[in-house]
Enquirer: 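A single structure is presented below for examination.
Residue numbers begin at 1 in each chain, while the letters A, B, ... track the order of the sequences.
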Amino acid sequence: MDEQPRLMHSHTGVGMAGHPGLPQHMQEGTGGTDGDGRKQDIGDILQQIMTITDQSLDEAQARKHALNCHRMKPALFNVLCEIKEKTVLSIRGAQEEEPPDPQLMRLDNMLLAEGVSGPEKGGGSAAAAAAAAASGGVGADNSAEHSDYRAKLSQIRQIYHTELEKYEQACNEFTTHVMNLLREQSRTRPISPKEIERMVNIIHRKFSSIQMQLKQSTCEAVMILRSRFLDARRKRRNFNKQATEILNEYFYSHLSNPYPSEEAKEELAKKCAITVAQVSNWFGNKRIRYKKNIGKFQEEANMYAARTAVNAANASSHGSQANSPSTPNSAGGYPSPCYQSDRRIQ
DNA sequence: AAGTATGATTATGT
DNA sequence: ACATAATCATACTT
C-alpha cells in the first residue's frame, strides 16, 4: 500500500519522458531548481504516505473508489498499460518463444515406453513386457521375477502420477492465486491482461521445470529397476536339463556344421522353451568353447554320439531304411571327438 | 572361499 | 545380418 504513490509517481515520470505526444515543458517542471525541488517532492510524498496510514480504512477505501470511478480512469489506465508494455517489452521482449526441450521430450518418450506415463495398467504392463523382450529376450519361464518387476514398476508409476497430480494442482492453485492477486492489483496498478498472461506463462514454466525433475528421477528409478530385474546377466538362470540335452543333442549330431538355420533355431527354441536369441547365444558359446578345448568335451560328445546312435538303431529297427535321424558329421568345420583328424575352422 | 560352468553382452570382422 | 572371441556377472561345485 505504501508504495503506491512512489509507483504512480515513477510510472508517470517514465511515461512522460517516453510518451511522444506530451508537451515538453511538463517534463521539465522541476528541472530548474533541481536539488531543492526534488527534496521538496520527496518530503511531500513522505507526508502523503504518513497521512495514508493515518487515514481510516473507510476513508481510504472511499478515496480508492472515487479514483476508480473517475471518468478518466479507464483511458489513463490504458495509456499506462501501453507505456508499461512498451518499456517491459523493450527490456526483455525477445526471449518469449520456448522450443520444446529435447531432454524433456526424451524423458517423456522413455516414460511412455516404460509404461509409466502411459494410459493405464493394461497398456503399461504390455509395454513393460515388450521392453523386457527387447532388452534381452528373457524367456517366459521366469514369471515370478517378472511379476515382481511389474509390481515395482506400478509402484513407481503410482508415485509418479500422484506427484504429478500434486504438482499440477499446486500449479493451478498458485496460478489462480497470482491471477486473482494481479487482477486485484490491476485496479490500482497498470497491469494489462497481456501481462497477467505472461506471468502465468512464467509460472507454468517454473512448474514444468519442477515436473522435469520428477520425470528425471522417475526415469532413474525405472532404469535402476530394469538393471536389477531385467538385466538377465545379473539374474542368470541355467537352462533346465532337458533344454540343455536338446541343444547338446543337436550340437553333437550336427558337429560337422553346428549352425542351425533360422527355422531350426525356432524349433529348438520352442522345444526348450527359450527364445531364439538364447538358442543363438547357446550355440555361439558352445561352438567357441568346444573349439577351444575339445578334450574337455570329449566325454560329452561321445555320450551324445552314442545316444543318437541308439536312436538311429531304434529307428532303423522299425523301418528297414538305415538312415540316421540327423545328418552325420562328415564334411564339417569341427573335429569329431573320437577320431579327430582335420580341423577346418577359420 | 576358490574355482569352474554358463548364459549374456560387447567389440570386431566378414 | 551373422560369427567369433573376449569378457562380464552370476550360478553351481568343490
Enquirer: Would you mind telling me which of C:dA3, C:dT10, B:dA8 lies closest to the side-chain atoms of A:Arg287?
Expert: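 Closest of the options to the side chain of A:Arg287: C:dA3.
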Enquirer: How sharply is the helix from B:dA1-C:dT14 to B:dT14-C:dA1 bent, taking the axes over five pairs at either end and rounding to 10 degrees?
Expert: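 It comes to 0° between the two terminal axes.
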Enquirer: Which residue, A:Lys292 or A:Pro260, contacts DNA chain C at a nucleotide closer to its 5' end, judged by nearest heavy atom?
Expert: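 Comparing both residues, the 5'-ward one is A:Pro260.
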Enquirer: Taking the minimum atom-to-atom distance to the side chain of A:Arg236, which one of C:dA11, C:dT4, B:dT9 wins?
Expert: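 Comparing C:dA11, C:dT4, B:dT9 against the side chain of A:Arg236, the answer is C:dA11.
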Enquirer: Round to a whole Å and report the spacing from CD1 of A:Ile288 to P of C:dC2.
Expert: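 A:Ile288 atom CD1 is separated from C:dC2 atom P by 19 Å.
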Enquirer: Applying salt bridge (charged side-chain N to carboxylate O under 4.0 Å, His left out), can you list everything that pairs with A:Glu300, at least two apart in sequence or on another chain?
Expert: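 Here the qualifying residues are A:Lys286.
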Enquirer: Using a cut-off of strictly less than 4.0 Å, decide whether A:Lys291 has a side-chain nitrogen or oxygen near OP1 or OP2 of C:dA5.
Expert: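 For C:dA5, OP1/OP2 do have a side-chain N/O of A:Lys291 under 4.0 Å.
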Enquirer: Tell me, which pairs form a salt bridge (charged side-chain N to carboxylate O under 4.0 Å, His left out) where one or both residues lie in residues 163-175 of chain A, sequence neighbours left out?
Expert: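 Every salt bridge (charged side-chain N to carboxylate O under 4.0 Å, His left out) pair that includes a residue of residues 163-175 of chain A, provided the two are not neighbours, is A:Glu163-A:Lys166.
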Enquirer: Using a 4.0 Å heavy-atom cut-off across all strands, classify A:Asn238 as base, sugar-phosphate, or nothing.
Expert: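 Sugar-phosphate: the residue A:Asn238, judged by heavy atoms under 4.0 Å, touches backbone atoms but no base.
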Enquirer: Grab the CG-P distance between A:Asn293 and C:dT4 for me, whole Å please.
Expert: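 So the CG-P distance, A:Asn293 to C:dT4, works out to 17 Å.
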Enquirer: Verify whether the ring centers belonging to A:Phe283 and A:Tyr250 lie closer than 6.0 Å.
Expert: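 Under 6.0 Å, so yes.
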Enquirer: If the condition is side-chain hydrogen bond (donor to acceptor under 3.5 Å, both in side chains), which residues does A:Glu245 pass it with, not counting sequence neighbours?
Expert: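 Result, side-chain hydrogen bond (donor to acceptor under 3.5 Å, both in side chains) vs A:Glu245: A:Arg307.
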Enquirer: Check this one for me: any side-chain N or O of A:Arg237 less than 4.0 Å away from OP1 or OP2 of C:dA11?
Expert: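 Checking A:Arg237 against C:dA11: at least one side-chain N or O falls below 4.0 Å of OP1 or OP2.
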Enquirer: Heavy-atom count around A:Met199 CE within 6.0 Å, excluding the residue itself: above 12?
Expert: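 For A:Met199, atom CE is not crowded (no more than 12 foreign heavy atoms under 6.0 Å).
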Enquirer: Starting from C1' on B:dG7, measure out to CG on A:Leu247 and report it in whole angstrom.
Expert: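 One finds 12 Å between C1' of B:dG7 and CG of A:Leu247, rounded.
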Enquirer: What is the separation between atom CZ on A:Phe239 and atom P on C:dA11, rounded to the nearest whole Å?
Expert: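 Interatomic distance, CZ of A:Phe239 to P of C:dA11: 14 Å.
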Enquirer: When you measure from the side-chain N and O atoms of A:Lys296 to the phosphate of B:dT4, is any distance below 4.0 Å, counting only OP1 and OP2?
Expert: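 No, no such contact exists.
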Enquirer: Using whole Å, report how far CZ of A:Phe297 lies from C1' of B:dA5.
Expert: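 My rounded result for the distance is 9 Å.
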Enquirer: Whole angstroms only, please: what is the CD-C1' distance between A:Gln278 and B:dA8?
Expert: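 Answer to the nearest Å: 9 Å.
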Enquirer: A:Arg289 or A:Ser280: which one's nearest nucleotide on DNA chain C is closer to the 5' end?
Expert: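 Of the two residues, A:Ser280 wins.
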Enquirer: For residues 263-274 of chain A, dump all side-chain donor-acceptor pairs below 3.5 Å to protein atoms at least two apart in sequence or in another chain.
Expert:
| residue | atom | partner | partner atom | Å |
| --- | --- | --- | --- | --- |
| A:Lys265 | NZ | A:Ser280 | OG | 3.2 |

Enquirer: Rounding to an integer number of Å, can you tell me how far A:Asn257 CG sits from C:dT4 C1'?
Expert: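 Atom CG in A:Asn257 sits about 15 Å away from atom C1' in C:dT4.
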Enquirer: Can you name the residues that form a side chain to side chain contact (heavy atoms under 4.5 Å, CB included) with A:Asn238, not counting sequence neighbours?
Expert: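 Here the qualifying residues are A:Arg236.
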Enquirer: In this structure, how many angstroms lie between the C1' atom of C:dC12 and the CG atom of A:Asn240, rounded?
Expert: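 For the pair A:Asn240 CG and C:dC12 C1', the rounded distance is 16 Å.
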